[in-house]
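Report on the structure given below.
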Number of protein chains: 2
Amino acid sequence: MAHHSAPGRPTLAAVAARAGVSPSTASLTFAASPRVAPATRDRVLAAAAELGYAGPDPIAASLRRGRTGVIGAFIGERLLYAFRDPVAVQLLDGITEVLGGHGVGLLLLAGDAGRPAADQLVRIPLDAAIFATCGLEDDPALDLLRARGVPVVGVEGPVADDVVLIDIDDRAGTAQLAAHLRDLGHRRVAVVAMPLRLDGTRGPVDAARRARVHYRDVRHRVEGVEDVFGPVPVLETASNVAAEGESAGRALLDGPAGVRPTAVIAQSDVLAAGVLQAAAGLGLAVPDEVSVVGFDGADLPWLGAVQLTTVVQPTDAKGRAAARAAMALVAGERPDGVLLPVTLRVGTTSGPPPVP
Amino acid sequence: MAHHSAPGRPTLAAVAARAGVSPSTASLTFAASPRVAPATRDRVLAAAAELGYAGPDPIAASLRRGRTGVIGAFIGERLLYAFRDPVAVQLLDGITEVLGGHGVGLLLLAGDAGRPAADQLVRIPLDAAIFATCGLEDDPALDLLRARGVPVVGVEGPVADDVVLIDIDDRAGTAQLAAHLRDLGHRRVAVVAMPLRLDGTRGPVDAARRARVHYRDVRHRVEGVEDVFGPVPVLETASNVAAEGESAGRALLDGPAGVRPTAVIAQSDVLAAGVLQAAAGLGLAVPDEVSVVGFDGADLPWLGAVQLTTVVQPTDAKGRAAARAAMALVAGERPDGVLLPVTLRVGTTSGPPPVP
DNA sequence: CCTCGTTATCGAATCGATTCGACAACCCAC
DNA sequence: GTGGGTTGTCGAATCGATTCGATAACGAGG
């Protein structure tokens, strides 16, 4: 009975023996060391070819080196939902761009809601972990990683001494956006928020709920609005998808002109797209009867010619920065956190409020 | 200078010593073996807690076991483009669903076009690989995996003796779709094809190009149409995205009523969505002036109320089947390939051709 | 009291490489 | 010809666990 799936696979030692050199030399050969003589190298390579040896076993090499060349990315939600979010996708793309260049692989860790895949963490070798879209302050996975000595990078959280933070200025960016609306003359605005935590809740946010917000970006994007307008009504969605934005939008905008908000601040472009759909469904002209703004600067394909007024964040740069930080941590460095800039982009969905 | 990122991390041996047991017993304890006495177990666990030992090192365990608990998924394109494709996303979701249940992780292998990340393959330990969206017949990565003894599952390709194939009947499905159009009375149809190979080419497909098609599904979905209509014009897109579908659709539909096709068969719902946009842009009513059909049965959010006539494939089941096959291969079994059924779904985008 | 059968624990081999310091061989110059 | 500096190769320790067969302890039955 064989121990392995592939029983008779040749080892480096076998290759060395066949080539008439020591295992050390054979190892050096495959590491492309300049210290091995060309003639010897050819002999080893020839022996390897004859034996069908495909190079050193990655697992054994990993053990010796103490590294695997794999970095894990935590996705809070199930994969399917995370990938509906263009920001998450672009972030991951930025990460793989850097990682791929170093021959490092990205492992997806998706946790169905509550309990993130903890068993995976225990079993799977990781050099570092990136909290990609789930900056929970008290994620249990964080403790596991800590105990294991796996360095952690957080994209917009969690905040901790031993976590390198890649951040954007959500609050100031949103404040800028809010100021734009205020300067246009808006006084009655409402916020359509991304989920405060992942429990399927939707609806108006009260103080109690507000106190239990899990995500830093969500909190900061509310605070940015309040910096300008003071307390405003916040409507929470259950998921960051257009359909949720639409139902929230309908709830907000389905009322008489003197009562409904003259501007809706969605916390993401995806939600804003939903709000736009809601406005269209209610027969409200944008921006003449209602202004709609978003956040992210994702170029959503289904917006068509509409240019959403939004706060543009450098999502791909965020991904690249996260990956670079992870690589640095693996190399034993202690990289600084990064704060990336955001910019207001005024489009065609914001304008002065309607005159009564 | 420390060898590792975390120098003084305790080992299983240290825990065993502290608990006054042998390493074997400590190992058995963490493997939750029933053969270890409860009192001993508690002693070991206590020692582990005191030392801050988080459990056996996954790398070392991997070496001994010969497995890592990581399965690689090959994405032909860059992540960003692959994840614009709802089918790819759903496929991956199905894969992670099964894998996660076994505590196995999914590693993304994205190759920038031509050369897929070969260096990653050499360095990263993998138990098995799934060709998720890139069924190239002659992918160089396949040879590397073979040489390494890594078992491979192919989703719609590549076809090889040692690759377990998870397939759908693209040809028969498309033929059914084509027959539906023929029965409605269509005689002049055109195909908007996904990329035949990844080289950025777009435009009419001639025989030479046709001979060099890389993807099985693309080929089969053309053949299915020809089974019903005989040779038809095929317009290739450079990428499976809506914008490409739109420009292809405009090229096909921008002509006098007697010349342009009365039905456009897009090879994916995403492309079909683009063709619908093109039709709308040209002021053509669907299905009265032109019928548009797709493939996949993906529920695209931005289609709104439009019900696309399409061939529904069980994408998530495909993902789950692929993952199950991979797990079986890792377990040393020799699973059979799987052929999943597709079904025609008639929506509101197909109808009789206009009367001249 | 001795033996047999469990049950819990241990020893030791093994997984397949990497790497550092030592060492031999060789070249050149003095 | 000897000393010093390269250059190329080798030995041996190590990475941290898993696992099988062996052994000790112990209770029960004859």
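The basis for the numbers below is simple: all heavy atoms, side chains too, and nothing from hydrogens, waters or symmetry mates. A note on names: the letters A, B, ... follow the listed sequences, proteins ahead of strands, and every chain is numbered from 1.
At distances below 3.5 Å, not a single donor-acceptor pair connects side-chain atoms of B/D127 with backbone N or O atoms of B/I71.
Residue A/Y53 is in sugar-phosphate contact alone, with no base atom involved, counting any heavy-atom pair closer than 4.0 Å across all strands shown.
For the pair B/R65 CZ and D/dT18 P, the interatomic distance rounds to 5 Å; values are reported in whole Å. As rounded to whole Å, 15 Å separates atom C1' of D/dA17 from atom CG of A/D57. Between A/L63 atom CG and D/dA17 atom P there is a gap of 9 Å when expressed in whole angstrom units. Rounded to a whole Å, the CG atom of A/L51 is 12 Å from the P atom of C/dA17. If you measure from atom CZ of B/R123 to atom P of C/dG16, you get 20 Å, rounded to the nearest angstrom. For B/R148 and C/dG16, the CZ to P distance is 13 Å, given to the nearest whole Å. To the nearest angstrom, P of C/dT18 lies 13 Å from CD1 of A/I59. C/dC15 atom P lies 14 Å from atom CG of A/L12, rounded to whole Å.
Nearest nucleotide to the A/S27 side chain, out of D/dT18, D/dG16, C/dT19: C/dT19.
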Pairs under 3.5 angstrom only: tabulate donor-acceptor contacts from the side chains of residues 47-63 of chain B to other protein residues two or more places apart or in another chain.
from, atom 1, to, atom 2, distance (Å)
B/E50, OE1, B/R18, NE, 2.7
B/E50, OE1, B/R18, NH2, 2.4
B/Y53, OH, B/G55, O, 3.3
B/D57, OD1, B/I59, N, 3.2
B/S62, OG, B/P58, O, 2.7
B/S62, OG, B/R67, O, 3.2

Quiz: residues 91-102 of chain B side-chain donor-acceptor pairs under 3.5 angstrom, not counting sequence neighbours:
from, atom 1, to, atom 2, distance (Å)
B/D93, OD1, A/R78, NE, 3.1
B/D93, OD1, A/L80, N, 3.1
B/D93, OD2, A/R78, NE, 3.1
B/D93, OD2, A/R78, NH2, 2.6
B/T96, OG1, B/L92, O, 3.2
B/T96, OG1, B/D93, O, 2.9
B/E97, OE1, A/R78, NH2, 3.2

Heavy-atom protein contacts under 4.0 Å, nucleotides 5-11 of chain D, coded B base, S sugar-phosphate only, - none: ---BBBB
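Put simply, the residue from A/V338, A/L329, A/V152, A/I130 that forms a side chain to side chain contact (heavy atoms under 4.5 Å, CB included) with A/V164 is A/L329.
A donor-acceptor contact under 3.5 Å links the side chain of A/R64 to the base of D/dT14.
Side-chain contact of A/S24 with A/S27: a donor-acceptor pair under 3.5 Å is absent, judged by distance alone.
Scanning both residues, B/I168 and B/L339, for their nearest heavy atoms gives C-CD1, 3.7 Å.
Here the side chains of B/R148 and B/L144 are not in contact, with every heavy-atom distance at 4.5 Å or above.
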